[in-house]
Amino acid sequence: MAGRIVAALCALALLFQAAASLAADRDAPYAALLAAHVADGVVDYAGLKKDEATLDAYLAALAAVDPAVLSGPERFAYYINVYNAWTLKLILEHYPGIRSIKDAGSLFRSPWKRAFVRLRAGTVSLDDVEHGILRPQFHDPRVHFAVNCASQSCPPLAGAPYAGATLDAALDAAARAFINNPGNTFFKDGTLHVSRIFDWYGEDFGGPEGVWRFIRRYAAPPLAAAMDAAARHELAYTPYDWSLNGR
C-alpha cells in the first residue's frame, strides 16, 4: 500500500513538473510581448497593436489549457496571466482612440462584465475571472497587486508573465512595490492615505485594521516608522485615476 502511494505521488509530481514546463513554453510569446512593449508598467499600445496577432495566438493557447492539470500555484499564475492578457486585448480592440478602459464599455454594460474571455470551460468576463475564480479560489489579497486594469492608478502591469514556481516571491514584490510608492501610500495630517483598492476590497484584507497590518507588513523602513509612530490607525482613500496606462 505504501509503495503504491509513493508511486502515485511521484507520478503526480512528474505531471505537475511537465505542466510547469509546458506553461513556460506556452507563456514565451507573452513574455516577449511584455519585454518589447511594457516598461515600468507603461504599455506601448501602438507597438503592441502591431503584434496583435501574436497576442491572439497566445490567448488561443491559454484557452486550450486545462487548469485541472496545473498545481495550485501554476493555476493561480495562469488565471492572473489570463486576466492581464485579455485586458490588453480589450484595450487593443478600441485602440487608438481610447483614453480609459471604461471607454471599452457602454452605458448599459461595464467592460469588466462583457463575456469575451475564452477559456476551456467557456467564455466568461473579466469580472468572472477576478471575482469568480481568483478571489474566492485562492484567497490571497496580493492578487490585487498582480491583476492589471490598464489604468494609471492600478498596480503596474508586470514586465513578465507570472509563473507558479516564482509566484509567491512575485506577489510579494508586487505588493511591496505598490505600497512603497509614495504616490500610493503617504501620511497627511496624521492620516494614512492609501489606494482605493483597499476600500473596494477591504474584506479581502480583513477590514480597516487588516489593511493597516497588511500595509505595515510590506512597508519599507521610512513608511514603517511613520506607521508605528501614528497616534491612530486612520485611513483615507485616494481618488482613482482611470486614464490609460499607456503611451
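Two residues are said to be in side-chain contact when any heavy atoms from C-beta on lie closer than 4.5 Å; Leu171 and Ile80 meet this criterion. When side chains are defined from C-beta on, Phe145 does not count as touching Arg176, because their heavy atoms never get closer than 4.5 Å. Inter-residue side-chain proximity for His193 and Thr185 is flagged as unmet; no heavy-atom pair is nearer than 4.5 Å. In this structure, Asn245 and Tyr45 have side chains that are in contact, with non-hydrogen atoms separated by less than 4.5 Å. The side-chain heavy atoms of Val194 and Tyr237, taken from C-beta on, include a pair separated by under 4.5 Å.
The CZ atom of Phe76 sits 6.0 Å away from atom CG of Leu167, with the distance rounded to the nearest 0.5 Å. How far OG1 of Thr87 is from CG of Leu126: 4.5 Å, rounded to the nearest 0.5 Å. Taken to the nearest 0.5 Å, the CG atom of Asn148 stands 7.5 Å off from the CG atom of Leu88.
Counting only distance, with no hydrogens or angles, the side chain of Ser125 and the backbone of Arg114 share no donor-acceptor pair below 3.5 Å. The main-chain N or O of Ala63 is never found under 3.5 Å from a side-chain atom of Arg118 such that the two would form a donor-acceptor pair. No donor-acceptor pair closer than 3.5 Å links the side chain of Glu234 to the backbone N or O of Gly190. Judged by distance alone, the side chain of Ser195 and the main-chain N or O of Ile197 form a donor-acceptor pair under 3.5 Å. For Ser100 (side chain) and Trp242 (main-chain N/O), a donor-acceptor pair under 3.5 Å exists by modelled atom type. The closest donor-acceptor contact from the side chain of Asn84 to the backbone of Asn81 lies at 3.5 Å or more, if one exists at all.
Using a 30° and 60° split on the angle between ring planes, Phe205 and Phe198 fall in the tilted class, from 30° to 60°. The aromatic rings of Phe187 and Trp212 stand perpendicular to each other, their planes meeting at an angle above 60°, with 30° marking the opposite boundary.
Residue pairs meeting the salt bridge (Lys or Arg N to Asp or Glu O under 4.0 Å) criterion with at least one partner in residues 124-134, sequence neighbours excluded, are Lys113-Asp127. Sorted by first and then second residue, the pairs that involve residues 204-213 and meet salt bridge (Lys or Arg N to Asp or Glu O under 4.0 Å), not counting sequence neighbours, are Arg135-Asp204. Annotation: salt bridge (Lys or Arg N to Asp or Glu O under 4.0 Å) contacts involving residues 187-197, sequence neighbours excluded, comprise Arg196-Asp199. Among residues at least two apart or in separate chains, salt bridge (Lys or Arg N to Asp or Glu O under 4.0 Å) pairs with a member in residues 154-174 are Arg142-Asp168, Arg142-Asp172, Asp172-Arg217.
Residues that satisfy the side chain to side chain contact (heavy atoms under 4.5 Å, CB included) test with Lys49, not counting sequence neighbours, are Glu52, Leu92. Residues passing the side chain to side chain donor-acceptor pair (under 3.5 Å) test with Asn180: none are found, sequence neighbours excluded. Legend: residues meeting side chain to side chain contact (heavy atoms under 4.5 Å, CB included) with Ala46, ordered by chain and number and at least two apart, are Asp44, Tyr95. Legend: residues meeting salt bridge (charged side-chain N to carboxylate O under 4.0 Å, His left out) with Arg99, ordered by chain and number and at least two apart, are absent. A search for side chain to side chain contact (heavy atoms under 4.5 Å, CB included) contacts involving Asp228 returns Arg216, not counting sequence neighbours. Partners of Ala104 under the side chain to side chain contact (heavy atoms under 4.5 Å, CB included) rule, at least two apart in sequence or in another chain, are Leu90, His94, Ile98, Pro111. For the side chain to side chain donor-acceptor pair (under 3.5 Å) test, no residue two or more places apart in sequence or in another chain qualifies with Lys102.
Taking all atoms of both residues into account, the shortest heavy-atom contact from Tyr79 to Pro67 is OH-CG, 3.2 Å. Smallest separation of non-hydrogen atoms from Leu59 and Ala85: CD2-CB, 3.7 Å. Nearest approach of Leu62 to Tyr78, heavy atoms of both residues: O-OH, 2.7 Å. Phe116 and Glu93 make their closest contact through CD1-OE2, 4.5 Å (heavy atoms, listed as atom of the first residue, atom of the second, distance). Shortest non-hydrogen contact noted between His144 and Pro155 is O-CG, 3.3 Å. The shortest non-hydrogen separation linking His139 to Pro136 is NE2-O, 2.5 Å.
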Assess the residue pair Tyr58 and Asp27 against the criterion (side-chain hydrogen bond (donor to acceptor under 3.5 Å, both in side chains)); give the C-alpha distance rounded to whole Å, side-chain angles, the decisive distance to 0.1 Å, and a yes or no. CA-CA 7 Å; Tyr58 175 64; Asp27 291 340; 2.8 Å; yes
After noting the C-alpha distance and the side-chain angles of Thr123 and Val117, does the key distance pass the side chain to side chain contact (heavy atoms under 4.5 Å, CB included) rule? CA-CA 5 Å; Thr123 303; Val117 178; 5.7 Å; no
Test side chain to side chain contact (heavy atoms under 4.5 Å, CB included) on Ile179 and Phe214 and set out the steps. CA-CA 10 Å; Ile179 285 169; Phe214 185 90; 3.8 Å; yes
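Evaluated for a side chain to side chain contact (heavy atoms under 4.5 Å, CB included) with Phe186, the options Leu223, Thr238, Thr191 yield exactly one hit, Thr238.
Checked against a 6.0 Å centroid threshold, the rings of Tyr240 and Trp200 count as neighbours.
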Pairs of donor and acceptor atoms involving the side chains of residues 29-43, under 3.5 Å and at least two apart or interchain, shall be tabulated with distances.
unit_1, atom_1, unit_2, atom_2, d
His37, NE2, Asp51, OD2, 2.7

